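One structure is given below, encoded as structure tokens.
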Amino acid sequence: MLSKMLLLTAAAAALAVPAHNAAQARDTAISPSGKATVHPEQWPEVAFPKVLTEEGEAHVQALLAQMTLRQKVGQIIQADIASVTPEEVREYRLGSILNGGNSGPWGDDLAPAAKWLELADAFYDASMDVPPGEPAIPVVWGTDAVHGHSNIVGATIFPHNVGLGAARDPELIERIGQVTAVEIRVTGQEWTFAPTVAVPQDYRWGRAYEGYSSDPALVAAYVGSMIRGLQGPPSVAPILAGPHVAASTKHYLADGATTDGKDQGDAAISELELRLVHGAPYIPAIENGVATIMTSFSSWNGVKLSAHRGLVSDVLKGRMNFGGLVVTDWNAHGQVAGCTNASCPKAIDAGIDMLMAPDSWRDLYDYTLSQVRDGTIPMERLDDAVARVLRVKQRLGLFEMGKPSQRALSGRYELLGAADHRAVAREAVRKSLVLLKNTGVLPLRPDARILVAGDAADDIARQSGGWTLSWQGTGLDNSLFPGATSLWDGIEQAVTSAGGSAELSVGGEYAARPDAAIVVFGETPYAEFQGDIASLQLRPELRRPIATMRRLKEEGIPVVAVMITGRPLYVNEALNVADAFVTAWLPGSEGGGVADVMFAGTDGEPVHDFQGLLPAAWPASARHDGETLFPFGYGLRYADGPGAWTPLPEDSGVSDDGSDGGVFFERGLPASSWSLTVSRSDGGESLRVTTVPAEAVQGRVRITASDYGVQEGARSFTIDPHPDGAAIELGTFDPIDLSRQTNGDMLLLATVRLDARLSQAPRVAVRCEGADCKGEVPIAEFGTLPVGEWRTLGVPLKCFQTAGAEMGAISAPFRLTTSGPARFSLARVALGSLSDVDVLAGCPTD
Ligand code: BGC
Ligand code: BGC
């Protein structure tokens with residue numbers, strides 16, 4: 001199948017990518033040069049299709065000739081709807097808006113569909129309201145519809161790309177693109193930041209699930225299909241005239257190649273590997289006329305892609321003839337050497353056409369304007385960038401389509417999650433399942449008594465992963481997925497309709513002895529860097545259902561393990577204990593597709609065979625560079641019959657236990673490599689607390705154990721008032737870099753309980769390296785917490801940055817100081833997002 005697809009892909013053929021194996025490409029690669037120089041002549045020449053008529057291009061040129069400088073600068077800036085109003089779009093003539101993962105109409109990320117359309121109209125109207133003499137240029141709205149129109153309650157949620165990679169079905173991918181485009185059109189947006197065409201080479205990367213496969217040929221074989229599905233086939237007809245939207249391939253280039261799978265990191269690879277492995281998907285993207293390309297946060301050999309002239313101007317636009325617009329990622333320009341979020345002439349000069357400046361757009365606008373005026377940014381470059389933005393708008397048909405609500409499909413809310421859309425998603429779920437083990441328990445008889453266990457069995461958010469309704473996909477319950485089915489729902493329906501019975505019990509207890517048990521376990525949702533892991537294994541608390549499997553087996557009950565996961569992970573224990581093992585990836589809203597394949601028909605024969613094949617190798621240990629257990633392309637079929645199983649060694653091969661790096665203090669104890677110290681406010685008389693009870697600072701601070709969740713799951717502090725004050729700190733020797741987390745709007749969480757009313761609110765600070773490093777924030781909310789009750793208090797990391805902290809080198813993410821009397825308990829200190837918080841602290845400087 002794959003080799004057939006290879007033949008169909010002109011792109012892959014032109015590149016001569018060695019048959020489905022990135023590692024092979026690496027073997028032939030020259031050794032990393034450590035330099036970021038490119039040789040454009042070595043890159044393939046690609047033909048960008050004709051997408052504008054002569055009149056269309058003439059219109060673009062006419063607009064350009066009439067536009068004021070302010071208008072031009074506005075066109076190349078994209079602001080986030082959480083930080084810009086329609087009125088500001090009018091005033092600044094901004095060319096584009098987006099909704100980031102946590103942004104929704106009028107501050108409501110979960111706003112009903114009609115609100116999105118209403119807001120689209122408001123922004124459109126504002127963009128068309130121009131003073132006499134200036135041409136009106138409609139704003140374009142970009143959204144992360146990355147697995148269906150995934151920000152919208154009620155939309156069809158498709159499996160994430162890793163699951164689609166397992167399906168090996170380019171034709172299905174095109175239909176998914178079509179459905180996604182239709183659902184986007186219902187709420188009035190015109191542009192999706194998809195597909196992600198990353199070719200992940202290290203599955204510790206938190207975004208690995210956004211890529212179809214580790215194999216460049218497989219990714220390349222999908223790209224054209226997805227772009228045609230979203231945009232329609234390349235032609236001079238306006239995109240919006242059909243049921244379509246503009247697409248974006250991202251993140252250019254080599255987002256999936258960063259060292260140690262670190263999100264936004266550096267890809268230290270040769271130009272040959274860059275071109276053959278990570279460049280491969282961009283050829284079909286350009287051939288199919290992708291309207292936009294988003295640059296990566298990451299670097300290639302130390303140079304950020306957001307301002308990489310060689311790769312953006314010389315290779316992409318020059319050699320590969322990309323005729324659309326290049327947009328940067330979320331404040332990514334601020335990470336370019338010499339730039340800030342507010343100023344980055346270097347990026348524009350390097351060939352960027354639009355800057356994604358979610359909350360920084362205003363200052364960026366002012367600086368960019370003055371940089372064009374003083375010649376720092378050449379006028380021809382600005383004109384070229386503006387022309388590219390206008391061409392995309394012209395090609396969309398924005399100038400003639402009227403306001404969003406007047407366009408075809410707009411407001412047809414019944415299309416969100418429509419039955420035929422869900423049917424495509426369910427088909428995708430069926431085709432993406434990969435069977436790794438079956439000693440004969442599958443297919444299950446639908447008239448049997450089935451126990452369904454595991455913490456992921458009845459949780460639609462969990463099975464949908466990140467980029468679902470919210471950025472991280474966390475903090476959501478099943479009620480936010482009207483019309484969707486959890487895995488449990490699908491199983492229950494299959495069984496009860498065939499005369500069997502099903503019982504749901506997360507912990508695996510049962511009322512009546514079942515004929516078989518299905519245990520659903522795996523990863524919890526994450527997005528971007530929050531999903532980076534140190535080793536290829538589940539966190540300890542996510543492995544608990546494996547103990548349930550073991551217990552059920554000991555009771556003589558056959559067990560089917562179903563794993564929800566964004567990536568292949570070391571799970572030998574579960575593979576050994578279960579009688580059958582199905583990898584379901586992140587299936588999305590149509591959990592019923594899992595039951596479709598696991599249950600036989602009433603005749604006892606399978607209704608659908610398994611068809612998924614691994615989109616990336618499955619590891620034999622938790623080591624990224626360790627042995628492979630199941631190779632790329634592995635996957636069993638019913639047709640093969642049941643197989644014998646040789647027990648696998650249960651040795652992860654790594655020293656860490658998979659615990660999360662974003663937790664500093666839990667169950668009353670510092671995480672490994674962290675320590676809890678108590679000192680005077682100025683740091684003197686410091687005591688590292690290793691046992692309790694303890695006394696510090698001449699007895700003025702007493703530390704004892706108290707309970708939270710588990711016995712002694714917290715530490716209680718009694719502090720006597722003193723002018724020298726007291727400080728409680730969680731610190732480490734090796735400072736950590738929290739800049740990505742700060743840019744991503746993450747919060748510092750502290751789970752605390754006041755044990756007595758406070759007369760004076762303590763100050764919370766981070767400690768960072770460097771002489772000028774400050775970062776102390778008075779937290780008034782601390783003092784207002786109810787006495788005797790646990791609360792999770794959240795402080796935006798940005799508050800510390802605003803207060804002067806160097807977020808790139810934090811040696812203590814939590815430091816509490818007070819000179820007043822205080823009695824409180826602390827159970828947990830960690831990083832998290834808004835949905836984890838009970839009480840949100842505001843930055844005092846806001
Ligand atoms: C992500 C992109 C996304 C953008 C807008 C960024 O942080 O890297 O993939 O399109 O945000 O939400
Ligand atoms: C993401 C956005 C998201 C934001 C959270 C960014 O890094 O890309 O889509 O909304 O962080 O505030």
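Since we're looking at a predicted model, the values are computed, not measured. Atoms within each ligand, like the ligands themselves, are counted from 1 in listed order.
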Donor-acceptor pair, Tyr212 side chain versus Val199 backbone, under 3.5 Å?
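Judged by distance alone, no pair lies under 3.5 Å.
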
Do the ring planes of His160 and His147 sit parallel (below 30°), tilted (30 to 60°) or perpendicular (above 60°)?
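Answer is parallel, since the angle falls under 30°.
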
Hey, is Glu210 one of the residues with a heavy atom under 4.0 angstrom from ligand 1?
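It does not, in that no heavy atom of Glu210 comes within the 4.0 Å cut-off of ligand 1.
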
Looking at [X], which atoms of ligand 1 are within less than 4.0 Å of one of its heavy atoms?
X: His251; value: 2 (C), 8 (O), 9 (O)
X: Lys250; value: 2 (C), 3 (C), 9 (O), 10 (O)
X: Phe193; value: 10 (O)
X: Asp144; value: 3 (C), 5 (C), 10 (O), 12 (O)
X: Trp330; value: 6 (C), 7 (O), 11 (O)
X: Gly100; value: 12 (O)

Which one holds for [X] and ligand 1: side chain close, backbone close, both close, or neither close, with close meaning a heavy atom under 4.0 Å?
X: Leu98; answer: side chain
X: Trp471; answer: neither
X: Arg207; answer: side chain

Check the pair Glu88 / Arg362 against salt bridge (Lys or Arg N to Asp or Glu O under 4.0 Å), numbers first and verdict last.
CA-CA 9 Å; Glu88 287 163 339; Arg362 192 191 309 263; 2.9 Å; yes

Regarding Arg204 and the six-membered ring of Phe529, is the cationic atom NZ or CZ under 6.0 Å from the ring centre and inside 45° of its axis?
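No, cation not above the ring by the 6.0 Å, 45° rule.
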
Testing Arg407, Arg395, Lys393 one by one against Glu190 for a salt bridge (Lys or Arg N to Asp or Glu O under 4.0 Å), which residue passes?
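Running salt bridge (Lys or Arg N to Asp or Glu O under 4.0 Å) over Arg407, Arg395, Lys393 with Glu190 returns exactly one hit, Arg407.
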
Backbone or side-chain N or O of Glu528 under 3.5 Å from ligand 1 N or O
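Among all N and O atoms of Glu528, at least one is under 3.5 Å from an N or O of ligand 1.
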
Should Ile81 and Phe123 count as side-chain neighbours, where that means a heavy-atom distance under 4.5 Å?
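When only atoms from C-beta onward are counted, Phe123 and Ile81 do touch, with a gap below 4.5 Å.
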
Between Trp191 and Thr292, do the side chains contain a donor N or O and an acceptor N or O under 3.5 Å apart?
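Indeed, the side chains of Thr292 and Trp191 share at least one donor-acceptor pair under 3.5 Å.
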
Can you list every pair that meets disulfide bond (SG atoms under 2.5 Å apart) and has a residue in residues 330-363, with sequence neighbours left out?
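Passing the test, one end in residues 330-363: Cys339-Cys344.
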
